[in-house]
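Below, read A as the first sequence line, B as the second, and so on, with proteins coming before strands; counting in each chain starts at 1. No experiment lies behind these values; they were computed from the predicted model shown.
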Amino acid sequence: MRRPGAAVLSFVVAGAVWEAFARSGVFSSALTPSLVDIAATLGRLVLSGRIFLHIGYTLWRILIGLGLACLVGIPIGMLMGRFRFVERFVLPLVSVLSPIPSLAWVPVFILWFGLGDAAAMALVFYAATFPVILNTWTGVRSVNRLWLRAARAMGADGRVLFVKVVLPGALPLVIAGFRQAFARSWIAVVGGEMIAATTWGLGFVIFDAKEFLNTDVMLGTLFVIGVLGLGFERLIFQTLERRSVGRWGMVRTAGS
Amino acid sequence: MHHIELRHIGFEYAGAERAVVALRDISFGVGESEFVCVVGRSGCGKTTLLNIVAGFLQPTKGEVLIGGKAVTGKGLDRGIVFQDFAQLFPWRTAQRNVEFGLEMKGVTRQERAEVARRFLRLVDLEPFAGAYPHELSGGMQQRVAIARALAYNPSVLLMDEPFAALDALTRDEMQRLLVDVWGETRKTVIYVTHNVAEAVYLADRIVILTPHPGTVRAEIRIPLARPRDVLSVEFLEYQRQLVGHLR
């Protein structure tokens with residue numbers, strides 16, 4: 001956000017419109033709580049500390065799912081970029097599996113992994129793996145040929161060439177893939193928790209609140225989900241990018 | 001005995017319909033510490049020829065000898081500078097770029113840093129040792145590339161139009177610097193260019209290639225003392241002679 005003033009204005013106007021709508025009486029106030037109510041509920045959730053436990057569970061599922069996705073996806077993407085036969089073998093599978101919305105797998109994963117953490121993590125893994133694979137693969141392929149030539153001329157070959165040139169050369173897209181994977185994980189985990197989680201997680205909170213018509217809890221939690229998603233994107237991924245590939249002039253980063 | 005010896009080099013590649021002869025029967029030698037420019041129009045195969053000497057390409061006919069030994073591939077006896085600024089590794093600082101070849105040779109970290117500094121000093125860039133390539137101008141990046149190609153101490157320096165993408169003033173400056181660097185390091189140089197004045201300014205000897213297929217049209221020896229006066233009558237006379245061969 002290069003102009004925080006403009007952003008504040010957007011939120012104030014959107015908030016005012018919501019407030020007018022909520023108080024207009026078109027729907028009962030139980031369905032469209034005012035911002036004051038939402039804020040009060042949010043405050044209660046924060047003070048009781050329960051919201052942090054929910055956040056913790058959600059982040060834990062992301063961490064494991066996304067971590068596994070990188071562990072699996074980065075090597076596969078690298079191998080695809082390096083060996084034609086791996087590319088020819090993996091690409092059709094990825095092309096077919098990647099467009100399936102991860103949430104469509106929820107019922108299957110519940111049958112396989114049961115309700116709870118494992119299903120949610122599997123879902124995150126599914127959502128995150130393909131962007132990681134595809135971006136890493138593209139990254140390796142787009143490594144400047146001149147770097148390879150120069151490095152080879154200086155005696156780099158095989159593993160050394162890979163570690164010292166291909167890996168850093170592919171990094172802009174690997175990071176882009178990681179970012180995309182996080183965004184998709186965030187969507188997947190909340191959706192997955194709604195159906196597959198039994199007691200904890202932000203998605204669960206929203207779905208559970210529906211049973212009791214707690215719209216203030218639902219909207220408050222949605223706000224938390226939005227803020228966390230944005231926060232991670234800004235704090236972790238943008239910083240990572242700015243400190244590495246941005247500093248090296250390999251990509252343009254926001255604010256530079 | 002020449003330091004570099006090209007013997008009846010021929011190169012063909014598969015074209016759309018039939019094999020295209022890019023180079024035919026190219027033979028010349030380059031003496032120890034000699035500066036040879038290969039000059040020709042674009043498409044005459046001069047870059048292909050350089051890539052063969054570099055070991056990136058295998059000639060379809062003939063062979064290249066360096067120090068009496070046949071070239072079979074890439075080797076640390078040759079340093080290479082390309083035209084494109086993007087040849088530097090953007091994730092490494094100028095100094096770490098220069099260190100790359102030394103790293104491949106297994107030189108210790110401390111010695112690497114010392115050698116890299118020395119070669120950056122040679123190209124007047126020591127204050128920029130910690131800069132990343134994108135923070136440097138085109139001319140500075142090419143100077144880093146020259147330092148990088150020299151740092152691991154190859155006996156041969158191969159240069160493929162390294163200054164062609166620079167503005168005219170920077171190019172003049174770079175040519176002067178290269179003459180100084182060559183004077184200090186005494187490498188054997190093959191320098192490919194299409195720039196007539198540049199060739200006359202730099203070379204001990206100029207090999208002229210004509211295209212379709214690439215063959216050696218003539219050789220001109222430039223016995224002028226360095227640094228050369230680009231406005232002198234002799235200098236202009238050599239340029240005229242070279243242009244005559246290129247027509």
Side-chain angles (χ1 to χ4, degrees), chain A residues 74 77-78 81-82 84 135-136 138-179 237-256, chain B residues 47 50-51 53-57 71 73-94 96-107 112 130-136 141-142 144-154 156-160 162:
Chain A
I74 292 177
M78 292 272 167
R82 198 163 175 211
R84 281 304 296 271
N135 279 284
T136 307
T138 314
V140 171
R141 282 190 316 163
S142 65
V143 167
N144 190 332
R145 308 281 294 268
L146 210 51
W147 299 336
L148 299 176
R149 285 194 138 193
R152 286 206 182 98
M154 290 184 280
D157 241 323
R159 208 177 57 82
V160 173
L161 184 74
F162 198 73
V163 172
K164 297 213 181 235
V165 182
V166 177
L167 222 59
L171 202 58
L173 276 158
V174 173
I175 292 179
F178 196 40
R179 253 173 112 155
F237 294 97
Q238 273 192 16
T239 309
L240 185 68
E241 203 163 64
R242 201 166 34 236
R243 294 243 171 113
S244 57
V245 292
R247 188 162 146 63
W248 305 333
M250 293 172 81
V251 293
R252 288 177 174 279
T253 53
S256 71
Chain B
T47 293
L50 199 76
N51 282 333
V53 180
F56 292 131
L57 293 173
V71 165
K74 299 155 285 281
L76 283 167
D77 54 344
R78 283 151 284 164
I80 300 164
V81 180
F82 303 95
Q83 178 184 332
D84 200 329
F85 305 155
Q87 66 192 294
L88 296 179
F89 306 125
W91 56 89
R92 286 175 167 245
T93 59
R96 300 262 299 131
N97 261 284
V98 177
E99 285 181 21
F100 192 91
L102 299 162
E103 250 170 81
M104 297 302 112
K105 274 179 127 177
V107 175
R112 280 202 313 255
Y132 285 96
H134 77 107
E135 298 164 334
L136 301 173
Q141 291 183 44
Q142 292 306 77
V144 175
I146 292 171
R148 183 174 74 175
L150 291 171
Y152 54 91
N153 198 26
V156 173
L157 187 58
L158 305 173
M159 308 183 86
D160 187 5

Enquirer: What residue, out of G169(A), P168(A), S244(A), has the most heavy-atom pairs lying under 4.5 Å from chain B?
Expert: P168(A)
Enquirer: Can you find a pair of side-chain heavy atoms, one from L146(A) and one from F85(B), that are under 4.5 Å apart?
Expert: no
Enquirer: Using non-hydrogen atoms only, which part of A54(B) is less than 4.5 Å away from chain A: side chain, backbone, both, or neither?
Expert: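 Contact with chain A involves no heavy atom of A54(B) at all.
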Enquirer: Tell me, for N97(B) versus chain A, whether the close heavy atoms (under 4.5 Å) come from the side chain, the backbone, both or neither.
Expert: neither
Enquirer: If I compare all heavy atoms of W248(A) with all of P90(B), which pair ends up nearest, and what's the gap?
Expert: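 So the two residues come closest at CB-O, 3.3 Å.
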Enquirer: A side-chain contact here means heavy atoms from C-beta on lying under 4.5 Å apart; do F89(B) and K164(A) qualify?
Expert: no
Enquirer: Return the orientation label for the W147(A) and W91(B) ring planes: parallel under 30°, perpendicular over 60°, tilted otherwise.
Expert: perpendicular
Enquirer: Looking only at heavy atoms, what is the nearest atom pair of A153(A) and Y152(B), with distance?
Expert: O-OH, 3.9 Å
Enquirer: Heavy-atom distances under 4.5 Å only: say whether L88(B) touches chain A with side chain, backbone, both or neither.
Expert: backbone
Enquirer: Counting only heavy atoms not in R141(A), do more than 12 fall under 6.0 Å of its CZ?
Expert: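 More than 12 within 6.0 Å, yes.
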Enquirer: Do M154(A) and R148(B) come close enough that some side-chain heavy atom pair is under 4.5 Å?
Expert: yes
Enquirer: Rounded to the nearest 0.5 Å, how far does CG of D157(A) lie from NZ of K74(B)?
Expert: 6.5 Å
Enquirer: Quick one: does NZ or CZ of R149(A) land under 6.0 Å from the six-membered ring centre of F56(B), within 45 degrees of the ring axis?
Expert: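 Judged by the rule, R149(A) and F56(B) form a cation-pi pair.
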